[in-house]
Amino acid sequence: FGQTASEAMSCGTPVICYKTSGLRDIVNNDINGVLINPFDYNEMANKIKELLNNDNKLKIFGENARQKAIAEWSYEKVSEKYRKIYTNLMK
């Protein structure tokens, strides 16, 4: 799980990252960020420039990133997941 990516998204900042580890579960490609083939630094550079030069897309991705953070990682959502785990364990 990429803590830095989830923190960025909670601030409304889209994430451009390699398709590795937990980052694939955090970033929804072309919705709230961009997933790049692992270690393709040319693609990474091009996607960064592309997003920074498209204010509308940057805004939409940022809004989508914030919405995902609220929907999946807010205090209420996480505490409810823990409550369900504890309830199931006590049965």
Side-chain angles (χ1 to χ4, degrees):
F1 189 78
Q3 190 66 36
T4 303
S6 63
E7 289 174 353
M9 291 173 67
S10 71
C11 294
T13 303
V15 174
I16 299 176
C17 60
Y18 294 121
K19 288 186 233 181
T20 58
S21 64
L23 293 170
R24 294 174 298 194
D25 299 324
I26 296 170
V27 177
N28 302 100
N29 193 44
D30 288 330
I31 295 173
N32 53 31
V34 180
L35 293 170
I36 304 296
N37 291 317
F39 315 112
D40 186 342
Y41 59 87
N42 287 318
E43 184 183 11
M44 176 71 79
N46 289 333
K47 292 297 182 176
I48 291 170
K49 287 190 285 188
E50 179 185 312
L51 190 57
L52 289 176
N53 288 320
N54 187 333
D55 290 337
N56 187 51
K57 193 173 189 179
L58 185 62
K59 181 178 185 244
I60 290 168
F61 279 18
E63 290 170 354
N64 291 343
R66 177 68 180 151
Q67 289 304 311
K68 179 171 183 162
I70 291 168
E72 295 189 18
W73 309 311
S74 69
Y75 171 78
E76 294 82 9
K77 294 293 181 178
V78 173
S79 61
E80 178 61 21
K81 289 177 185 178
Y82 277 116
R83 186 193 66 74
K84 286 179 181 179
I85 291 169
Y86 293 143
T87 301
N88 286 335
L89 288 173
M90 293 181 356
K91 289 182 181 178

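Values in this document were obtained by computation on a predicted structure and should not be read as measured data. Numbers here simply count residues along the sequence, with the first being 1.
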[X], [Y]: one ILVMFWY side-chain cluster at the under-4.5 Å cut-off?
X	Y	answer
Y41	I48	yes
Y18	V27	no
V34	M44	yes

ask   = Judged by atom type as modelled, is there a donor-acceptor pair below 3.5 Å linking the side chain of S74 to the main-chain atoms of A71?
value =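 Not confirmed, S74 side chain does not pair with A71 backbone.
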Say you draw a straight line from [atom1] of [X] to [atom2] of [Y]; how long is it, rounded to the nearest 0.5 Å?
X	Y	atom1	atom2	answer
I26	S21	CD1	OG	7.5 Å
N32	M9	CG	CE	3.5 Å
L52	I16	CG	CD1	7.0 Å
I60	L51	CD1	CG	10.5 Å
N42	N37	CG	CG	12.0 Å

Result block: side-chain N/O donor-acceptor pairs under 3.5 angstrom for residues 84-91, not counting sequence neighbours:
residue: T87; atom: OG1; partner: R83; partner atom: O; Å: 2.8
residue: N88; atom: ND2; partner: K84; partner atom: O; Å: 3.3

query = How close do P14 and L58 get, heavy atom to heavy atom, and via which atoms?
reply =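 That closest heavy-atom pairing would be CG-CD1, 3.7 Å.
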inquiry  = Give me each pair satisfying salt bridge (charged side-chain N to carboxylate O under 4.0 Å, His left out) with a member in residues 41-55, each pair once, sequence neighbours excluded.
reply    =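 Qualifying pairs, neighbours excluded: K47-E50, E50-K57.
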What I'd like to find out is whether the side chain of [X] reaches to under 4.5 Å of the side chain of [Y], using heavy atoms alone.
X	Y	answer
R66	S10	yes
L35	C17	yes
F61	N54	no

task = Mark yes when over 12 heavy atoms from residues, nucleotides or ligands other than K81 sit less than 6.0 Å from its NZ; otherwise mark no.
result =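 It does: K81 NZ has more than 12 such atoms within range.
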task = Name all residues meeting the side-chain hydrogen bond (donor to acceptor under 3.5 Å, both in side chains) criterion together with D40; count only those two or more places apart in sequence or in a different chain, and write none if there are none.
result =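 With sequence neighbours excluded, D40 shows a side-chain hydrogen bond (donor to acceptor under 3.5 Å, both in side chains) to no residue whatsoever.
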